[in-house]
Each structure stands twice: as C-alpha cells, then as structure tokens.
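Inspection log for the structure reproduced underneath, given as structure tokens.
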Amino acid sequence: MRATTHKSIRDLKRQWRQVAAVAVTIMLGVMVYVATAGAYQNLSASYQETYDRLAFADYVATGGVPTDVATAATDAGASDAITRLQVDPPMLIEDTKLLGRVVGMPTDAHPTIDDVDVIDGDYFDDGATDQVLLETHAAETFGIGPGDTLQIFGLDGWVTVTVQGVVDTPEYLWPARSRQDIMSDPHSFAVAYAPEDMAEQWFGEGPNQALALMPADASAADGDAVQKAMRDAGATAITPWEDQASNATLSEDLDGFDEMSKAFPAMFLIAAGVASWVLLARRIIQERPIIGTLMASGARRGRVLRHYLGQGIVIGAIGSVLGVALGMLANRAVTTAYTGFVGVPDTVIHNYPWMIAIGLAFGIVVGILGALGPAVTASRTAPAAAMRTAGSSKPPGAWSRMVARLDWLPVSARMALRDIVRSRKRTFATMLGTVLALVLVLTSSGMMTSIVQAVNLQYTEINLEDATVAAQQGAGVGDALADVDGVSAVEPTTLGQVTIVADADSYATLLHGYEPDTTMHGFRSQDGSFIDLPTDGVLIGQAVIDLLDVGVGDSITLSTDAGDTDVTIAGFLDEPIGTSVYTTNDAAATILPETSAEAFALSFDDGVDRDQMRQTITQLDGVVAYQDTRAIISTIDDYLGLFWAFIGIMILLGAILAFAVMYVTMAVNVVERTGELATLRAAGAPVRKVAGAIAVESLLATILAIPLGLWMGAVAAQQFLNTFNNDLFQLDLMWSWWVLPAAALGVLAAALISQIPAARAVKKVDIATVVRERAA
Amino acid sequence: MTPTVTAVATNRGVSLKGVTRVFGTGDAAVHALKGIDLEIGSGELVVVIGPSGSGKTTLCNIIGGIDAATDGTVQVAGEDIEGRNPGTLDTFRRDHVGFIFQFFNLIPTLTARENVEVIVEMTGKGDKAHVPDLLKSVDLGDKMDNFPAQLSGGQQQRVAVARALATDPDILLADEPTGALDLPTGRQILGLLQDLHREGRTVIIVTHNVSVAQIADRVITVVDGKIESSTVNDNPADAADVTW
Ligand SMILES: Nc1ncnc2c1ncn2[C@@H]1O[C@H](COP(=O)(O)OP(=O)(O)OP(=O)(O)O)[C@@H](O)[C@H]1O
Ligand SMILES: [Mg+2]
C-alpha cells in the first residue's frame, strides 16, 4: 500500500505538467459551475431580499373598484392588500418633456406593499404637498437629486414639485414602463412617487390599482385562489410578480446564468475527463510490464484498479478544490458586478454547501471516469502477456499502406496522417478539445453577435423612425414638427394597449397603427422579406403563434377599454424585440378607445444634433412625450457592456480549454514517440523540423475537428439562444462574417501555442539515453 | 601539394584527449569514462570491446555528439566538439556521423524507404532520389515499401544502415549492431560495415562480442572507463568468415 502510494505520487510528479493541465481543466469546469450556479442563486437571492424587504407586490390588479378587489384579496388569503393611484402624465425634467409615471403614496408612513428605499434625501414630510420621490434611474439620467424641481402635467396644467428623495424600488430595478417597453430611451421615462392626496387632486381620480402581498409560505394554489377572488371582485387584469416588467426582464438574465451553470461546466469537465483518460491510458500502456510483474507476484486486481483510480481521484480532487475556491471568488465578483450594474439594492453572497459539494463531486467523478477505463485495462492485464515487452508493433493497416502511395507528400506529413489514425485516443482527444472549445466560444459569441445584429435589425430595418412623439390632439403638433429644422418626415401613428384574445388564451400587448404606405416601420415577415401593411386584418409578432395557438387567417379578438373588436390575422412578423400588433391608423382608431392624444413618428436629416432635437421638439406646445430611437440603442449597448466582458472571459476560458487538452495530447504524443524523436535528432535533424513533424499531427487533428466544431457550435448556439426566446425577444442565430473564421483561427492558435512546449520537450530529449532503450 | 583533393578535404579521424564522463553528482556520481586518450585515423575500422558497463557506449555517444564529455578535448572529423551541448550539435551530426543502434530504432509508421527519406527531408542533406539506390545497396530493393513490422530483424538493421548512409557521413558509429541478430544476419551487417569502410569511411563498432574484433583494423579494449589496450590487427578477417 505504502509503496504504491509512493509510486502514485512519483508518477504524478513526473508528469506534473500534464497532470496540471488536466487539473486546470477540471478546475475551470468546477469554477465555472460554482461561479454561474452561485451567481444564479445569489442573484435570485439578492432580488428576493430586495423584494422581501420592500414588500414587492405579488399581484397588481387593475379594473373594478380597487378597494373591493383589495378586500377580496385579503379575504382570500393575501397577507396584505392596498390600493393606489398610478398615472402616466407628461413631465418636464431639466427642459425635457417626457411621458412619466406618477404613483401615489402615503406621506405619514411607508406603503406596506411596493415600498421604496430612500438612497438620497428623505422620505416625504408628513402632509407634504409639493414633494416627490424620484426613482433612481431618472435621477441619474437627468442628473438631479434632492432639492431639484420637476414639473408634472395635471388636469390644471403644470405643477412644480421638489425632489425630496431619490429612491430604489422593487418595481423598477429595471426601468420599464411595461413588458412591451423594456428597452427605451432613458430620457423618455421617469417614475415619481407623489403624496397620494396630491396625486388624486392633480389627476382628478382615485386609486386605480389594487396590490396584494402573499404570505411567505403561500402555495401556488393559494395564489390562484387570491387571483380568482380579485377577478371575481371586478379586477380585469392581474399582473403576477413574475410577469412584472422589471422582474421579467431581469429573469431573462437569471435564466441565462442557470443555463450556463449547466452547459458550460459540462464542456470543461468532459474535456478534462478525456484529457486525463489519454494521460493515464498512455501510462498504463507504458507500465504494462510492471503491472504484469506485480500481478505475477500475486498483486490483486482490485489493488491495481485502485492504484490507477486513486491517481484519477487525486487529479480530480486537486482540480475541484481549486475550482471551488476560485469559483467562490468568481461568484462573489460576478454577483457584485451584476447587482452593482443593475442597481439591485441588496447583494446576497452566499456559498451554498450543496453547490460546493456538487462542485467537488463533479471534479472527483471526472477524475474517476477519466481513470476508470485505463485502470480496468490495467487490472485485466494478463501477467504473462504484459511481462513480455510491449515493443512489438502492429503490422500496418490499409490506411498506412494507402498513405504510402501519396509519395508526393513530405514523409513527415505521411507520418502525421498515419499517426492520427493509429493513435485514435489522442486524435479523439485533440478533436474533442477543438470541438468543445469552439462550442464554448461560439455559443457565447453567437449569443452576443445575435443580440447585436437583432438590435441592428430592429433599429435600422424595422423601427425606421428616428424619434416618436406623443402630443395632445388638436394642438397642431404634426405641422409644427414638420417645420422643425432637421426633421425630414413626419407621419401620424397610433399606439394603445390591447389584449389579444383567442379562444381561452389571451396576451396583453401594444397595438401600433401606421399609414398604409409608411416609411417609419419595416414589416419583416417570417421569411425575412419586408411586406406592406395589409388594408384588411392585422400583422402580429410571431411569438403569439405558440402563445395563443393561432395561424394566418384566424380570427382573434382585440380587447380594450372601449370594447372588443374581431380582426383577422393577415400575417406574422419576425421582429427581434417585442411582440406587437400592427394595423393601419384608420383601423387602429376603430379598435382603440378615443383619446385626447395623438402620436407621430419622425425621421431626421443626416447628422442632426439629437440632444438639440430633443430639446426643441419637447418644448413645442402640445408635445407630451418624446422618445429617441437611437438612444434606445445606446441603452442596449450599456446593458450589453457587462456581457461583452462575460463573452471575453468565456472566449479566454475556451482558449484555455483548447490549450489544456491539446497540451496533454501533445505531451503524450512526445512521450510516446521519444524514441523516434531521439533517433531523428541523432541523425542531425534540427529541433525545429522534429517538433514541426509532431505539430503537424496535432494541427491536422485540430483542422479535421474544426468543421465539426463549427457545426456543433452553431447548433449549440441556436439551442442556447432558444432558451432565451419568448415574447420579449426572438433571437435568430446571426453571426458577423468574421466570427466563424476568428473562432477557427483562435483554436488553431491555441493548438499552435500548445506545440511550443513540445518543441522544448524535443530539445530536452536526452538522445544518448533514449536511443539505447528498446523502442516501446 | 596533395595527391588528391578528397584525401585532404576530408578529415574523417577522431582525436580524444583526457576525456572523462561523470554521470550524476556527489555520492551518486558514476565515472563512466576516466580519462580517455584515443586517436582514430581517417578511414580506419575500429572495434571497441569491453565488459558490460565499462563505458563503450558512452565513448561512442561522445564521439557521435549525442553525449558531451565532462572534461577533455574531443575532435571529430576536424571539428572540436568538447563542451558543446548535444542539443546544439545537429549540424555536426548531420555532416559527419551516422548511427546504427542495437534495436534499429526504425519509425514504425514509416516504410523502409520512408525511414530513409525522412532523414534526407529533415536534415536537408542527401538526395531523396538516391534512397532507392541506398536500399538496393543493402539488398532491400524489393522490400522498400514494407513497414518495419513486415521486416525481419536483419532486414530492419539493414534499413538502419541505409538510413545512416542517407547523409553520406564520414564516420559510422555502430553500437552493438549485431546484438539483436543471429549469426548469419549479424555477419551480413558486419559485411555491410566492412564495405563502407572499404569505401573510405571511418567505422567504429562497439560490441562486447569479441569475435567481431576479427574484422577490425584495430581493437580497442575499454575496461572500467579506461582504455586498457589498443591492438592493431594486421590481417583483418572478412566479415563472411567471422563466427561466434
Ligand atoms: N545516463 C546515465 N546516467 C547514469 N549513469 C550512466 C548513464 N549512462 C551510463 N551510465 C553508467 O556509465 C557506465 C558506463 O555505461 P555504458 O553504457 O557506457 O557501458 P557499456 O560499456 O556500453 O555497457 P554495455 O556493454 O552493457 O552496453 C555504467 O556504469 C552505467 O551505469
Ligand atoms: Mg553499451
């Protein structure tokens, strides 16, 4: 026992570089697991902490008499229910007019549901009349804080209020007016909490929402019961917390971490398993005579098996312990960076024991699996056969003979061609390393470039307008807009909330109306071509096909406060962002309730100063809100910033993975062929040429694997994207032209770099010692 | 001044002075060579004999530039190679020496012909077009496309001889070339080496088989890292007549 332990330690030490490469790969797999699974858990917990602390509403209901709905909710089991007023009025902040949101709140105490966290300034003075609490994103966008003023447009015109405090709120961790409006011009939206009495006075209406909070231990059935009670009490629309715009947007990211925590570590762990398999399998071939001798002298099979398994376990344990440690650090870094970036007020960092246990177990299991095959082979060794030296080389196969005919190829190339077929394990490992690295790199970069291309598509081919304007009807804003310097075209548009009803299913979204020959919106059909707005029927985002189980030609009902309208589906649209209904302005006017507002889409001359345009246009009489389409792109770019960093890390990890696997196979290759190398060196072949011959083999295997890796990477990237697709985003896999060549060149570079140590090994070969040994 | 151009241009001799070789350090140090002075003339056929562990292989490796003397001067084919790391002696080996090993050391994935061609290709010396001739000269004209696994031991060693000749070396170093062969095949290899010697190359054969010494111009006996004797053989036997 003791002697074999010594042997294990010596074996591992002697090959420490290869052992390290395998351990590092395991480490990365475990690290990625702990970091991503941990980030998922911790981000969920961080959100939950904020939600719990600030009593994020489980249900927000509109319709009916809010006090009745609230009472029904508490009667049906909600732990608390309140009512409040929420209105989206025009606001004027720092010379910019926008469509904001005002939410009524008590001044004598914090609300018991959907509370706010004052991060700058103070909560309302009791009985305050001209104070508001400004949501932090708006405060940041406009650069204002406590003491600054803003104006809110009420029934009696503009009211000037003072910012009393800047607040975080669970409802606007991601600032979105609605689920259909999760990406917007930051200057186009602001949330201000106002004293409830004042809000009711400004807008001339009472509470229009009922908010319900469920007990912590409530079941899904309890939730259903409360929702049913609220509906029975008159609520027409209920938004559960999961579907709340901010939460739904952030969940997308969370799900991403969840997906990654499964798929990405698996790739590293497979690679590590295969690398350690190659490593140990090689050693066992080398040690066959020793194993045979041991067994001839009575060593038990089980002992031999355990001896080699033990080495796998040691490698796995080293890798996974380091992986867990690094993973815990990475988890902290990712969680902190993310909550900081999104502005989640609470950051929960916890290292879950089960996660650590799984991480450790993964690494060790990989170590065992990598060692299992070779260990079993070793323990099955027939002593007599094994003690005879393994020197006898197999006669050449058909492939080797065929390659001999390629006499126009350099001999070193023929040697590589034969070796990649002869040393199948090594070739397989090299190819697998290549494929996994490509899959890793392509899924992450594919996701990135697809998002970027989707944004481009959405904002250069679909949303063709430069800006949208909401205005009061009859104020002559259309003409005024056309006169603004820099505006090249103005078109009236229509916008309103509708609920699409098809049989039992329904989906709440936006209805857009455009001129029949609009130049402000491109209608992109499912085959990617652009079509005209139909005069009969509506176009709908394709996500409803699955959501509502509908097809072209089906009749659906569009339900609004004004009543129900039956329309035909004239076609589906493939739009990356959002799922809306489109029709002509005329048709939209008959579907939507009458309003006192009108909307316009604008396009600008090239090179206009957009800040100037915002200022000029929002100050026009009758303009209520303004949204710069281009600003949305920069919002998205901001949002993607963190993810570029993430992609960079993934590409780096992919390169390390490729390098580690190729390094191990290359090292094994050198070990297996030391005799050949030394013989060539003795004949005067320079290191460069000999190392080149070895490199050709690895590179050949890599090159063979590249098409497979690109294909699998594309499939995996598509799968990965599909997990994100829903009614908010429909991402098709789109790559910039350079992604595939860059990925291929990247792994090739990793393969080349992994050959540098080979050259060193070739140089260090002790020719005198090797040439006198009987070739293995 | 000189009778022929080649005779002067080519120094195919070996000159060692005070050569020592110590493996390891301290208590573990092994003194494999303990001060070797040796002159081998251009075109001489020398057989080095001695008991196992006496330092024959070490001596041969130092001459061939795949091992370095710890001390002393080493001049081979006119080049001073003492103190030079074997890793940097590629050019020296390519230009001057050819090795023949006891276990042939053929590359199993290459045919006989490719085993020779690969040397031409990797050293950039010699001519691939001459490889078939080389193989014919060792009587393997009909086995050129066989892989090592399809060749007998003697045939493999003949491929190794052809390979050693691929770079047209001045000095052939054969360490136990017959060690893994039976008598008739062993004789055949010795015959080839003798032919090469007759062409004017210096041939150094290391062996513990005393019978091989019969073909030598000179027999050098190494014992315990030192040259015990150097005996000129006035009447070298023909390889075909050697027995053991
Ligand atoms: N690389 C090495 N490291 C340590 N000692 C070595 C090494 N190579 C040779 N020796 C030692 O040097 C001495 C001479 O070895 P060498 O191989 O030259 O003997 P040899 O005469 O060729 O023997 P044989 O007839 O058995 O081949 C021996 O004691 C040997 O153990
Ligand atoms: Mg020897």
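When reading the values below, keep in mind they use all heavy atoms of this one structure, side chains included, and skip hydrogens, waters and symmetry mates. In what follows, every chain begins at residue 1, and chains take the letters A, B, ... in the order their sequences are listed.
- In this structure, no portion of B:K125 lies under 4.5 Å from any heavy atom of chain A.
- Residues B:R113 and A:D407 are not in side-chain contact: their nearest non-hydrogen atoms beyond the backbone lie 4.5 Å or more apart.
- Across all their heavy atoms, B:K128 and A:P410 have their closest contact at NZ-CA, 4.5 Å.
- Nearest heavy-atom pair across B:D90 and A:V687 is OD2-N, 3.9 Å.
- Classification of A:R418 and B:E114 as a salt-bridged pair holds, one side-chain N sitting under 4.0 Å from a carboxylate O.
- Put simply, the residue from A:V421, A:V403, A:D419, A:L417 that forms a side chain to side chain contact (heavy atoms under 4.5 Å, CB included) with B:T109 is A:D419.
- Residue A:T769 holds its OG1 atom at 7.5 Å from CG of B:D67, rounded to the nearest 0.5 Å.
- Contacts between B:L110 and chain A at a heavy-atom distance below 4.5 Å involve backbone atoms as well as side-chain atoms.
- When B:I107, B:D145, B:V97 are compared by the number of non-hydrogen pairs under 4.5 Å with chain A, B:I107 comes out ahead.
- Interface residue B:E121: backbone and side-chain heavy atoms are both found under 4.5 Å from chain A.
- Using a 4.5 Å cut-off between heavy atoms, A:V690 contacts chain B through both its backbone and its side chain.
- Taking 4.5 Å as the heavy-atom cut-off, the residues of residues 676-686 of chain A that approach chain B are A:E676, A:T679, A:L680, A:R681, A:A682, A:A683, A:G684, A:A685, A:P686, ordered by number.
- Applying the 6.0 Å contact sphere to NZ of A:K763 captures no more than 12 heavy atoms from other residues, nucleotides or ligands.
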